[in-house]
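Below is one structure, written out as structure tokens; comments come after it.
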Amino acid sequence: MYYALADLDSCYANAERCFRPDLKGRPVVVLSNNDGCVIARSKEAKALGIPMGIPFYQLQQRFRNGEVAVFSSNYELIYDMTGRVMKMISDAAPSFYRYSVDEAFCLLDGMDSQSLKNWGEQLHRRVLQGTGMPISTGIAQTKTLAKMASHYAKKYDGYKHCCVIDSEEKRLKALELYPIDEVWGIGRRHAARLQSYGIRTALDFALCKRDWIRLNFNVVGTRTWMELNGIDCVPNETVVKKKSICTSRSFDGMLTSIEDVRTQVSNYAAMCAEKLRRQGSVAATVGLFIDTNHFREDLPQRCAYDEERLLTPANSTATIVHTTAKLLSRIFREGYHYKRAGVIVKDITGAQAIQTNLIDYDAERHGKLTRLDTAIDCINKIYGKETVVIASRQYKVKDATGKAKVFAEAVKHDYKSKNPTTRWSDIITLK
DNA sequence: TCTGGGGTCCTAGGACCC
DNA sequence: TCTGGGGTCCTAGGACCC
């Protein structure tokens, strides 16, 4: 039994490049919300030494001379392109699960060395031809080793986008050349500690005594150790519903009035409610945090959080938005410059199994809210995101001509590409 | 001037119960 | 001088992932 990890190459950057053939072979970077930091780089941009996470303003000069193409993050585009790729991967594998936005694990059974290699190379060709997106695949007997193999598949052209670790000799060689801080499951903290003990490669780690690993790096570290030694123990995920959902943003600039902050957190609350409905869940607890800008040491700092347990678990926009507004009036203090806020919904259960509270439950009101949300979701699905929003989300500003305009969000996206992939046929699925 | 967002799991320690 | 012991549940914080 083998695991294949299929991983999109520079996913965000290549999704933009798919519709801009002129950018082929040129460095491309994609920015976080508010055009704050670099969150994705094409191979060429990496080669220029542009680091991950660097604030955009520190690189302005390089971008101004056109050396590097810049894009704001375009989630609709990513969602659509990765969806197409995942569909092709799942068609090619007997067993498949998506691990993240740009990675999927496949289980391959009864294939020999050569057919594993052929399968991976063919998958790359098919996906590239079908979607324009390059992918690389790592194949091994544990997921951690497959992940390592996929790094090799990306790094060395000789692998033709597929690296297979299928013998003891290859496993040891792969471990020996792999820095400890790049191992899946070993983060910055653990890597620093391991290095202080003289453990620099994945092989050094795999040769440690198991008891010592258990003592110093608990069960998670032990699992990684076993996987590197070829013992399959990271569980296969099935499709699990989220246990908590968070929507948070930094603002473009800072907000000082409770009204402005309420507009933003109402948006996040509504987005949380939509995410809950999309996965068919309800939440019993709603939380809200508001933070000031911790980079501004000259300004007074404040981080506040509070949460409220709902009498009856809910997914209605009205309920979540209302609760969030209540929380905001509890934690908001005048005199601070707020930079970031977020809504968290947790204690999530299936919508079918609502534990109703005998005092609070109002069947008629519940029915009305459900019908209202269904109607809003349908309209927004057909006519586009945020065609209909509830009143507290609106946000009026005057434009240059003095005319009032209504905005829903205070997030900057100056370099956002068009959405070439969104078509009517994709989004109308109403009965 | 400008500094991302969204998750999960594990553990230690406190509260509480019998 | 003396001050049980063990189990469970919850929470905060740390570490990790993409």
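First the proteins, then the strands, lettered A, B, ... as listed; each starts at 1.
Side chains of A:E308 and A:T323: a donor-acceptor N/O pair is absent below 3.5 angstrom, by distance only. In summary, the side chains of A:T82 and A:D102 do not present any donor paired with an acceptor at a separation below 3.5 Å, with no hydrogens or angles considered. Between A:T201 and A:E176, the side chains place no donor N or O within less than 3.5 Å of an acceptor N or O (distance only, hydrogens not considered). Side-chain atoms of A:S32 and A:N34 include no donor-acceptor pair closer than 3.5 Å. With no hydrogens or angles considered, no side-chain donor-acceptor pair links A:T144 and A:R223 at under 3.5 Å. Side-chain contact, A:S136 with A:H161: a donor N or O sits under 3.5 Å from an acceptor N or O.
Across the protein-nucleic acid pair, A:N33 atom CG and B:dG6 atom P stand 8 Å apart, rounded to whole Å. The interatomic distance linking A:R193 (CZ) with C:dG14 (C1') rounds to 12 Å, in whole Å. A:R98 has its CZ atom 15 Å from the P atom of C:dC18, to the nearest Å. We find that CG of A:D291 is positioned 13 Å from P of B:dG6, with the value rounded to whole Å. Rounding to whole angstrom units, CG of residue A:N34 and C1' of B:dT3 are separated by 10 Å. To the nearest angstrom, P of B:dC9 lies 11 Å from OH of A:Y99. In this structure, OH of A:Y79 is placed 21 Å from P of B:dG5, rounded to the nearest angstrom. The NE2-C1' distance, from A:H190 to B:dT11, rounds to 11 Å in whole Å.
Under the 6.0 Å cut-off for aromatic ring centres, A:Y178 and A:Y152 qualify, their centroids lying closer than that.
In the set C:dC18, B:dT1, B:dG5, B:dG5 carries the atom at the smallest distance from any side-chain atom of A:R249. The side chain of A:K243 lies closest to B:dC9, out of B:dC9, B:dT3, B:dG4. In this structure, the nucleotide among C:dC18, B:dG4, B:dT8 sitting nearest to the side chain of A:S244 is B:dT8. Nearest to the side chain of A:K242, among B:dG7, C:dC18, B:dT3, sits B:dG7. Out of C:dC18, B:dT3, B:dG6, the shortest distance to the side chain of A:K275 is found at B:dG6. Closest contact between the side chain of A:N218 and the listed nucleotides C:dC17, B:dT11, B:dT3 involves B:dT11. The listed nucleotides are B:dG4, B:dT8, C:dA15; the one nearest the side chain of A:I39 is B:dG4. Closest to the A:R189 side chain, of the nucleotides C:dC16, B:dG4, C:dC18, is C:dC16.
With both pairing distances under 3.5 Å, B:dC18 is matched to C:dG5 as a Watson-Crick or G-U wobble pair.
Residue-level contact check: A:F56 touches neither bases nor backbone, having no heavy atom under 4.0 Å from any strand. At a threshold of 4.0 angstrom between heavy atoms, the contacts of A:I186 are confined to the sugar-phosphate backbone, with no base atom among them. When heavy atoms are screened at a 4.0 angstrom cut-off, A:V219 is found touching the sugar-phosphate backbone but no base atom. Contact annotation for A:Q60: no contact, since no heavy-atom pair falls under 4.0 Å across all strands. If you check every strand for non-hydrogen atoms under 4.0 Å, A:V38 touches nothing. Among the heavy atoms of the strands lying under 4.0 Å from A:I245 are primed sugar atoms or P, OP1, OP2 only; no base atom is included. When heavy atoms are screened at a 4.0 angstrom cut-off, A:D35 is found touching no nucleic acid atom at all.
The side chain of A:R340 contributes no N or O atom lying less than 4.0 Å from OP1 or OP2 of B:dT3. The phosphate of B:dT3 has neither OP1 nor OP2 within less than 4.0 Å of any side-chain N or O from A:H294. The phosphate of B:dC10 has OP1 or OP2 within less than 4.0 Å of a side-chain N or O from A:R223. The side chain of A:S250 places an N or O atom within less than 4.0 Å of a non-bridging phosphate oxygen (OP1 or OP2) of B:dG5. Contact check, A:S32 against B:dT3: no side-chain N or O comes under 4.0 Å of OP1 or OP2. Contact check, A:K147 against C:dC17: no side-chain N or O comes under 4.0 Å of OP1 or OP2. Within the structure, a side-chain polar atom (N or O) of A:K339 is placed less than 4.0 Å from OP1 or OP2 of B:dT3. Residue A:T247 places no side-chain N or O under 4.0 Å from the OP1 or OP2 atom of B:dG5.
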Is there a ring pair (Phe, Tyr, Trp, His ring centres under 6.0 Å) between A:W119 and A:Y2? Walk through the geometry before answering.
CA-CA 12 Å; A:W119 182 87; A:Y2 281 88; over 10 Å; no

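Place A:C246 and A:M254 on DNA chain B by their nearest nucleotides, and A:M254 ends up nearer the 5' end. Both A:R214 and A:S248 lie close to DNA chain B; mapped to their nearest nucleotides by heavy-atom distance, the more 5′-ward contact belongs to A:S248.
Spacing between B:dC17 and C:dT3 at atom P, rounded to whole Å, works out to 24 Å.
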